[in-house]
Amino acid sequence: MRAKSEPAAQPPSSSASGGASSAASLDPIFHLLRVLPFSFLRPPRLRLKLPSLTLPSPNAVFALLLLTYFMVVSGIVYDIIVEPPGIGSTQDPYTGSVRPVVFMSGRVNGQYIIEGLSSGFMFVLGGIGIILLDLALDRNRPKSVKVSYASAGVSSVVLAYVMSMLFIRIKIPAYLR
């Protein structure tokens, strides 16, 4: 056992120049294969330019994030896995005619494709309304622009809320009654 004042012995490292392990090798064939080709061959000087990547603009990033949000809240993963029909149909018991149905009524965990897209659009519309309300608070904008942003934002949020509640009442008939 070593005393506390003695330094710990460190293992020999081969990172000094990388050549210690090859110089210690006694295999002459390995030495010939390593040294002989480079005695008369020279590696070419490649003048390759690395591609320069530019950052996307903030508007492009916002559009990509908004599109991703729309696809996620629309249920694109559900649509890919389950493959529901785009729109449903039901038969009228009195006339016998077939009429289209957009909402899968009574099934909370199921949807038609158009139902998911319309609900996702309402969620995105509400989000854009909140963004417009935030832009209306900027002090550097003229008053007329702030008023138009605020009115468009409030109307977008109210429309999205009313339509989403209507969608829920169609989907679940006895909800909040």
Side-chain angles (χ1 to χ4, degrees), residues 10 13-15 18 43-177:
Q10 295 188 1
S13 64
S14 63
S15 64
R45 289 185 188 173
L46 298 177
R47 294 185 186 123
L48 298 176
K49 292 183 181 179
L50 293 175
S52 62
L53 297 175
T54 60
L55 291 176
S57 69
N59 286 336
V61 172
F62 174 72
L64 182 67
L65 286 175
L66 195 65
L67 179 69
T68 304
Y69 175 72
F70 172 72
M71 289 187 346
V72 167
V73 298
S74 294
I76 193 78
V77 175
Y78 174 82
D79 291 342
I80 289 172
I81 293 173
V82 177
E83 296 179 2
I87 196 166
S89 62
T90 184
Q91 188 172 10
D92 191 10
Y94 301 112
T95 61
S97 63
V98 177
R99 59 186 180 105
V101 175
V102 176
F103 291 94
M104 195 178 288
S105 183
R107 277 193 62 197
V108 180
N109 58 350
Q111 71 177 16
Y112 295 123
I113 293 175
I114 298 296
E115 175 184 356
L117 292 176
S118 59
S119 298
F121 177 74
M122 288 302 138
F123 293 149
V124 168
L125 182 67
I128 289 175
I130 291 173
I131 291 171
L132 288 174
L133 286 173
D134 181 54
L135 289 175
L137 294 176
D138 189 12
R139 295 177 189 223
N140 297 329
R141 295 189 194 279
K143 186 172 174 96
S144 62
V145 174
K146 290 189 333 186
V147 168
S148 62
Y149 276 164
S151 61
V154 168
S155 61
S156 296
V157 169
V158 168
L159 179 68
Y161 175 76
V162 168
M163 293 302 290
S164 295
M165 289 305 292
L166 177 68
F167 291 170
I168 289 175
R169 287 197 178 121
I170 292 172
K171 184 122 178 114
I172 309 167
Y175 184 69
L176 293 178
R177 291 193 192 201

Chemist: Between side-chain atoms of residues 53-61 and protein atoms elsewhere (two or more places apart, or another chain), which donor-acceptor pairs fall under 3.5 Å?
Modeler:
{"residue": "Ser57", "atom": "OG", "partner": "Ala60", "partner atom": "N", "Å": "3.2"}

Chemist: Apply the test side chain to side chain contact (heavy atoms under 4.5 Å, CB included) to residues Ser89 and Val98: give CA-CA distance (whole Å), side-chain angles for both, the deciding distance (0.1 Å), then the verdict.
Modeler: CA-CA 6 Å; Ser89 62; Val98 177; 3.7 Å; yes
Chemist: Pairs in or reaching into residues 70-103: which pass ring-ring contact (aromatic ring centres under 6.0 Å, His included), with residues at least two apart or in two chains?
Modeler: Phe103-Phe167
Chemist: Rounded to the nearest 0.5 Å, how far apart are CD1 of Ile168 and OG of Ser119?
Modeler: 8.0 Å
Chemist: Give me the atom names and distance for the closest heavy-atom approach of Pro173 to Ser105.
Modeler: CG-OG, 3.9 Å
Chemist: For Arg141, what residues pass the salt bridge (charged side-chain N to carboxylate O under 4.0 Å, His left out) criterion, not counting sequence neighbours?
Modeler: Asp138
Chemist: For Gly120 and Ser74, work out which heavy atoms get closest and say how close.
Modeler: CA-OG, 3.5 Å
Chemist: Please, which pairs that meet salt bridge (Lys or Arg N to Asp or Glu O under 4.0 Å) have at least one residue in residues 105-118, sequence neighbours excluded?
Modeler: Glu115-Lys171
Chemist: I need the Arg47 CZ to Lys49 NZ distance, nearest 0.5 Å.
Modeler: 11.0 Å
Chemist: Just jot down the ring-ring contact (aromatic ring centres under 6.0 Å, His included) partners of Tyr69, sequence neighbours excluded, or say none.
Modeler: none
Chemist: My understanding is that only residues two or more places apart in sequence, or in another chain, count here; which of them pass side-chain contact (heavy atoms from CB on, under 4.5 Å) with Ser144?
Modeler: Pro142
Chemist: Which is it for Leu66 and Ile128 under the side chain to side chain contact (heavy atoms under 4.5 Å, CB included) test, yes or no, and what are the steps along the way?
Modeler: CA-CA 9 Å; Leu66 195 65; Ile128 289 175; 3.9 Å; yes
Chemist: Determine the minimum heavy-atom distance between Ala152 and Leu132, stating which atoms define it.
Modeler: CB-CD1, 3.9 Å
Chemist: Pro84 and Ile113: which non-hydrogen atoms are nearest, and at how many Å?
Modeler: O-CD1, 3.5 Å
Chemist: Does Ser151 use its side chain to pair, donor to acceptor, with the backbone of Ser148 at less than 3.5 Å?
Modeler: yes
Chemist: Minimum heavy-atom separation for Gln111 and Asp79, please, with both atom names.
Modeler: NE2-OD1, 3.4 Å
Chemist: Which atom pair, heavy atoms only, marks the closest approach of Gly86 to Tyr112?
Modeler: O-CB, 3.6 Å
